[in-house]
Amino acid sequence: MISFPNPISEKKTAGKSETKTETITIRSVARAVGVSSMTVSRVFNNHPKVRPETRQRVMETAREMGYRPNPEIRKLMIQLRQQKVRRQQ
């Protein structure tokens, strides 16, 4: 899962200001659009089997929500996939 913290509100407590963060993930984008997280992943990876109208809805929603890919998580997922392939050989 690729995620990035997104500040969504400030809360004042005893004179201190706290920023509440919500992590915007592929799953949260998928829920907002009404598609699967796999479809969102395909859009982000420019897969050819995604309808243009779906691609546009996903990209617009991700932009509106403030989605940002997390390079550390992406790196981790690549490593996990490679390990899985090696075990299957």
Side-chain angles (χ1 to χ4, degrees):
M1 174 177 10
I2 300 172
S3 62
F4 191 82
N6 181 34
I8 58 169
S9 67
E10 280 196 14
K11 182 173 124 182
K12 302 226 181 220
T13 310
K16 296 180 182 178
S17 178
E18 286 182 27
T19 300
K20 181 180 176 185
T21 61
E22 176 184 344
T23 302
I24 305 301
T25 64
I26 285 179
R27 286 182 184 164
S28 57
V29 172
R31 267 188 247 113
V33 178
V35 297
S36 71
S37 56
M38 191 69 210
T39 299
V40 175
S41 178
R42 286 180 178 135
V43 168
F44 292 162
N45 290 300
N46 218 15
H47 194 279
K49 290 191 176 187
V50 178
R51 290 187 204 159
E53 56 272 11
T54 303
R55 184 180 308 279
Q56 183 178 356
R57 278 188 9 240
V58 168
M59 294 303 285
E60 286 175 4
T61 302
R63 192 172 323 135
E64 289 169 7
M65 293 176 74
Y67 172 82
R68 299 274 188 266
N70 184 326
E72 294 300 317
I73 298 295
R74 185 173 179 90
K75 183 179 174 182
L76 174 64
M77 294 306 293
I78 289 169
Q79 290 173 349
L80 290 173
R81 283 187 210 108
Q82 289 172 345
Q83 288 175 2
K84 183 178 178 181
V85 169
R86 281 189 218 121
R87 278 182 278 171
Q88 291 175 349
Q89 292 176 347

Are any non-hydrogen side-chain atoms of Asn70 and Arg74 less than 4.5 angstrom apart?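 The answer is no; the side chains never approach within 4.5 Å.
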
Beyond-backbone contact of Arg55 with Arg51, side-chain heavy atoms, under 4.5 angstrom: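 Result no, sub-4.5 Å side-chain heavy-atom pair not found.
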
So, Arg87 side chain and Gln82 main chain: donor-acceptor pair closer than 3.5 Å or not?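 Not at all, since once roles are kept as given, no pair shorter than 3.5 Å links the two residues.
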
Hey, is the main chain of Thr25 close enough, under 3.5 Å, to the side chain of Ser28 for a donor-acceptor pair?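 Pair found, side chain donor or acceptor close to backbone of Thr25.
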
Atom pair [atom1]/[atom2] of [X] and [Y] - distance to nearest 0.5 Å:
| X | Y | atom1 | atom2 | value |
| --- | --- | --- | --- | --- |
| Ser37 | Ile26 | OG | CD1 | 7.0 Å |
| Thr54 | Met59 | OG1 | CE | 13.0 Å |
| Lys84 | Gln89 | NZ | CD | 13.0 Å |
| Ser36 | Arg42 | OG | CZ | 6.5 Å |

Step by step, would you call Tyr67 with Thr61 a side-chain contact (heavy atoms from CB on, under 4.5 Å)? CA-CA 9 Å; Tyr67 172 82; Thr61 302; over 6 Å; no

Between Val33 and Val40, is a side-chain contact (heavy atoms from CB on, under 4.5 Å) present by the stated rule, with each step listed? CA-CA 9 Å; Val33 178; Val40 175; 5.6 Å; no

State plainly whether one hydrophobic cluster holds both Leu80 and Val85, where clusters connect Ile, Leu, Val, Met, Phe, Trp and Tyr through side-chain heavy atoms under 4.5 angstrom apart.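 Result: no, two separate clusters.
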
Pick out which of Arg63, Gln56, Arg57 makes a side-chain hydrogen bond (donor to acceptor under 3.5 Å, both in side chains) with Glu60.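 Of the listed options, the one satisfying the test is Gln56.
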
Verdict with reasoning, Met65 to Val29, per side-chain contact (heavy atoms from CB on, under 4.5 Å): CA-CA 8 Å; Met65 293 176 74; Val29 172; 4.1 Å; yes

Criterion side-chain contact (heavy atoms from CB on, under 4.5 Å) on Arg31 and Arg27, from CA distance to verdict: CA-CA 6 Å; Arg31 267 188 247 113; Arg27 286 182 184 164; 3.9 Å; yes

